[in-house]
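Only one structure is covered here, and it is reproduced in the block below.
The analysis underlying the following values was restricted to heavy atoms, covering all of them including side chains, and did not include hydrogens, waters or symmetry mates.
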Amino acid sequence: MAEGFISDEDIQRVRDANDIVAVIGERVPVKQKGRDFWCCCPLHNEKTPSFKIDPALQLWHCFGCGEGGDVFGFVMKTEDLTFPEAVRRLAERGHVEITQTGGRGASSSKKARLREICAATAEFYHTQLMRSREAGAASARSYLAGRGLGGEVPKRWCLGYAPGHGALLRHLSARKFSAEDMVEANVVSRGNDGRLRDRFYNRVMFPIFDVQGECIAFGGRVIGQGEPKYLNSQETPIFYKSQVLYGLDKAKTAMASTGIAVVVEGYTDVIALHEAGVQNAVATLGTALTMRHIRVLSRHASKRIVYLFDGDAAGQRAADRALQFIDGSMTPEAGKNKIELCAVTLPDNLDPAEFVAVRGADALRELLDNAQPLLKYGIERRLAAHDLGTAEGRTRALADALSVLAPIKDSLLAKDYAVQIAARVRMRESDVLEQLARLAPPRAARDDAPSHDAAAPASAGAPGAQEPLDARPDGQAGARMSNAQRFRSLPAVERNRLLFEREFLSVLAQHPLLALEHADALAGTGWHSKVHEALATSMLQTLVEDPAASAATVIANAEAARRGAASVLTSAVPREGSTPEQVCAYLAEELSLGDAEEAVATMKARLADAQGTSPEEAGILFNTLVETQKDITARRAAHRPLA
């Protein structure tokens with residue numbers, strides 16, 4: 001669904017309406033220390049607060065994981081939203097009406113009305129379940145009780161009953177909701193004859209909530225016989241199946257505390273597990289797990305994601321589909337980006353609800369604790385499908401098992417597993433490793449989540465068409481861990497240079513007036529990192545267009561040009577005993593001296609290799625070298641370290 005542009009003015013009004021301390025404080029407890037606020041980072045699991053919030057600049061930075069940005073960046077990273085989605089989310093929070101142009105997308109007020117309709121519908125269905133004396137409602141209560149979901153469970157999960165017969169249509173019409181909005185919310189449908197009717201009829205209803213706990217859709221299970229057995233809401237402007245997980249609003253706290261997410265396949269499984277005490281469980285909504293789901297879960301579960309498969313044939317087909325998620329993010333080379341995706345199959349053809357009912361939550365926790373990494377799980381499944389007692393079976397098993405490793409065939413982890421496979425199929429390690437190397441990597445797993453992003457202005461920090469930020473001096477992409485290793489392997493002088501560049505850019509970004517004073521340094525420094533060069537260029541462009549630009553605007557524009565820029569530009573911490581002006585002056589001179597010393601080295605190299613240089617040119621070069629060295633010596637003597 002194409003959506004429109006959000007104006008710079010609306011973005012600024014949304015920014016002004018959402019104090020960053022308040023927004024972050026709604027998610028994690030924050031404490032003030034001096035002029036700043038600190039908390040434990042919601043992006044990774046930590047016990048000691050390393051997440052700083054600057055209320056004056058309206059910026060944040062985590063010194064544990066290195067992330068940082070403004071209020072939009074925080075919402076994007078914690079809720080896995082695009083920039084336009086984050087703007088709209090904060091617009092709703094701050095009660096700011098925004099206008100989108102050039103597209104067909106729903107406005108924030110339209111989405112707010114759709115949410116109101118879903119909330120009213122959930123309340124209506126719940127009342128019908130709990131109070132109606134109709135036979136259908138009694139059957140719904142009987143069904144839930146038979147699944148162990150009676151008592152207070154319907155109240156805790158807002159379960160309901162859809163009677164049909166236009167009952168919901170009449171109720172919502174009495175609440176003054178328009179027919180157009182009811183149809184768009186997908187709780188009412190329009191037939192070929194043009195008549196309106198309830199979408200759900202004679203079903204047990206499971207309201208679907210977003211991560212903030214707002215109702216956005218429904219799932220219904222037919223009572224008795226009927227098809228389809230399960231019926232979900234169609235996609236709407238507020239509901240995209242491939243981006244939403246049932247129960248995440250309730251599970252996110254347990255995920256954060258345990259670092260583990262458990263993924264099951266049904267609504268009743270999620271509820272049964274939560275009621276049994278396994279409160280970090282969620283379910284997909286009639287779709288296979290997508291990479292978008294995994295990214296959402298990894299925001300809340302820092303350690304691992306466990307896919308819990310039913311023991312029946314359908315569960316095993318789902319297990320085979322899950323192997324498409326094997327990629328480089330599962331290898332140690334991914335560093336901080338590593339995703340630990342595990343899997344376990346329930347025994348005796350049981351589903352999760354049946355398992356906890358029969359064997360208890362502790363038995364399930366033991367299974368979850370022993371869940372295998374998805375790589376090992378997939379390899380074991382492939383090997384088990386063949387007769388390893390025959391040469392033909394072992395040959396087929398080898399090819400089948402190695403295919404699991406194809407997406408990561410160049411990693412050390414793949415080679416380790418290949419050696420293990422060689423032992424299982426009784427073949428030489430060298431032959432198996434050679435066969436692994438010849439494998440063609442499969443096409444990347446398709447993320448079925450459709451894109452619903454409005455195109456935000458580049459100056460506002462829209463994430464589209466961004467280049468990846470990388471710690472490497474050449475700016476090329478690479479895994480974070482290998483970048484850190486490369487950085488540590490650099491000479492100390494080069495490491496210091498890169499750190500000086502980073503701090504200089506960060507202080508200037510947080511104090512744009514100082515950036516204007518040091519515009520010559522931004523333009524003239526010989527940056528050792530292409531990333532730093534790109535950030536300096538972005539800052540200059542922003543300040544040329546708007547000399548009064550705020551720190552948030554400078555950083556947002558840099559983020560638009562270079563993904564991850566906010567993490568760099570929010571990383572500087574105040575130097576005790578030194579003002580930002582003193583720090584900038586010191587760093588500007590340090591970088592200038594470094595450039596001058598590099599120029600001296602270049603001139604010396606030219607003099608040493610004088611081929612093609614006339615005596616006159618060599619004399620001029622020598623005199624310039626001498627004068628430059630004298631200048632550097634004098635400047636170094638006057639260049640005192642900061643207190």
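Note that CG of Leu375 is 5.5 Å distant from CG of Leu413, once rounded to the nearest 0.5 Å. Taking CD from Gln420 and CD1 from Ile379, the interatomic distance works out to 7.5 Å, rounded to the nearest 0.5 Å. One distance of note links OG1 of Thr284 with CD of Glu265; it measures 6.5 Å at 0.5 Å rounding. Atom SG of Cys40 and atom NZ of Lys31 lie 9.0 Å apart (nearest 0.5 Å). Rounding to the nearest 0.5 angstrom, the gap separating the OH atom in Tyr246 from the OG1 atom in Thr268 is 9.0 Å. To the nearest 0.5 Å, atoms CG (Leu248) and CD (Gln212) are separated by 9.0 Å.
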Please evaluate residues Arg502 and His532 with respect to the criterion side-chain contact (heavy atoms from CB on, under 4.5 Å), reporting the C-alpha separation (whole Å), side-chain torsions for both, the decisive distance (0.1 Å), and the verdict. CA-CA 7 Å; Arg502 181 186 179 98; His532 294 166; 4.1 Å; yes
side-chain contact (heavy atoms from CB on, under 4.5 Å) between Ile260 and Val306, intermediate numbers included: CA-CA 7 Å; Ile260 300 170; Val306 181; 4.1 Å; yes
Would Trp527 and Leu535 count as a side-chain contact (heavy atoms from CB on, under 4.5 Å) if you check the C-alpha gap in whole Å, the side-chain angles of each, and the deciding distance to 0.1 Å? CA-CA 10 Å; Trp527 303 101; Leu535 299 187; over 6 Å; no
Would Arg426 and Arg394 count as a side-chain contact (heavy atoms from CB on, under 4.5 Å) here? Give the steps. CA-CA 8 Å; Arg426 289 181 261 166; Arg394 290 194 297 273; 3.0 Å; yes
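Closest approach of Leu569 and Ala558 over heavy atoms only: CD1-CB, 3.6 Å. Contact record, Ala418 with Val432: O-CG1, 3.4 Å, taken as the closest heavy-atom pair. Ala422 approaches Glu429 most closely through the heavy-atom pair CB-CA, 4.1 Å. Closest approach of Glu85 to Leu81, counting heavy atoms only: OE1-CA, 3.4 Å. The minimum heavy-atom distance between Met539 and Val554, with the atom names listed, is CG-CG1, 3.7 Å. The two residues Phe74 and Pro42 come nearest to each other via the heavy atoms CE1-CG, 3.7 Å.
Side chain to side chain, Thr345 and Tyr377 meet the donor-acceptor criterion of an N or O pair below 3.5 Å. Under the 3.5 Å distance criterion, with hydrogens and angles disregarded, no donor-acceptor pair is assigned to the side chains of Thr537 and Glu533. If you check the side chains of Tyr267 and Asn232, you find a donor sitting under 3.5 Å from an acceptor.
Residues Thr395 and Met427 meet the side-chain proximity criterion, which asks for heavy atoms closer than 4.5 Å. Residues Val264 and Tyr307 are not in side-chain contact: their nearest non-hydrogen atoms beyond the backbone lie 4.5 Å or more apart. Leu398 has its side chain within reach of Ile421: a pair of non-hydrogen atoms, C-beta onward, lies under 4.5 Å apart. You'll find the side chain of Gln372 stays beyond 4.5 Å of the side chain of Cys342, heavy atoms only. At least one side-chain heavy atom of Glu501 sits under 4.5 Å from a side-chain heavy atom of Leu498. Side-chain atoms of Lys250 and Gln279, non-hydrogen and from C-beta on, never get closer than 4.5 Å to each other. The shortest side-chain heavy-atom distance between Lys252 and Val211 falls under the 4.5 Å cut-off. Side-chain contact between Leu436 and Leu405 is present, with heavy atoms from C-beta onward closer than 4.5 Å.
Salt-bridge check for Arg396 with Glu392: failed, with every basic side-chain N at 4.0 Å or more from each acidic carboxylate O. For Arg497 and Glu590, the salt-bridge test fails: no basic side-chain N is under 4.0 Å from an acidic carboxylate O. Between Arg89 and Glu79, at least one side-chain nitrogen of the basic residue sits less than 4.0 Å from a carboxylate oxygen of the acidic one, meeting the salt-bridge criterion.
Each of Leu59, Val23, Val30, Asp36 was scored for a side chain to side chain contact (heavy atoms under 4.5 Å, CB included) with Ile53, with one residue passing: Val30. Exactly one of Glu67, His61, Lys77, Glu559 qualifies for a side chain to side chain donor-acceptor pair (under 3.5 Å) with Ser567. That residue is Glu67. Here the options are Asp595, Leu505, Leu587, the test is side chain to side chain contact (heavy atoms under 4.5 Å, CB included), and the partner is Thr525; only Asp595 passes. When the options Val263, Asp351, Leu346 are evaluated for a side chain to side chain contact (heavy atoms under 4.5 Å, CB included) with Leu308, the one that passes is Leu346. Trp60 pairs in a ring-ring contact (aromatic ring centres under 6.0 Å, His included) with only one of the listed residues (Phe51, Phe72, Phe37), which is Phe51.
Surrounding CZ of Arg428 are at most 12 heavy atoms belonging to other residues, nucleotides or ligands under 6.0 Å away. Surrounding CD of Glu598 are more than 12 heavy atoms belonging to other residues, nucleotides or ligands, all under 6.0 Å away. Heavy atoms of other residues, nucleotides or ligands lying less than 6.0 angstrom from NZ of Lys415 number more than 12.
When the side chain to side chain donor-acceptor pair (under 3.5 Å) test is applied to Arg382, the partners found at least two apart in sequence or on another chain are Asp400, Ser403.
In terms of modelled atom types and a separation under 3.5 Å, the side chain of Glu235 and the main chain of Lys241 share a donor-acceptor contact. Here the side chain of Asp387 pairs a donor or acceptor atom with the backbone of Gly389 at under 3.5 angstrom.
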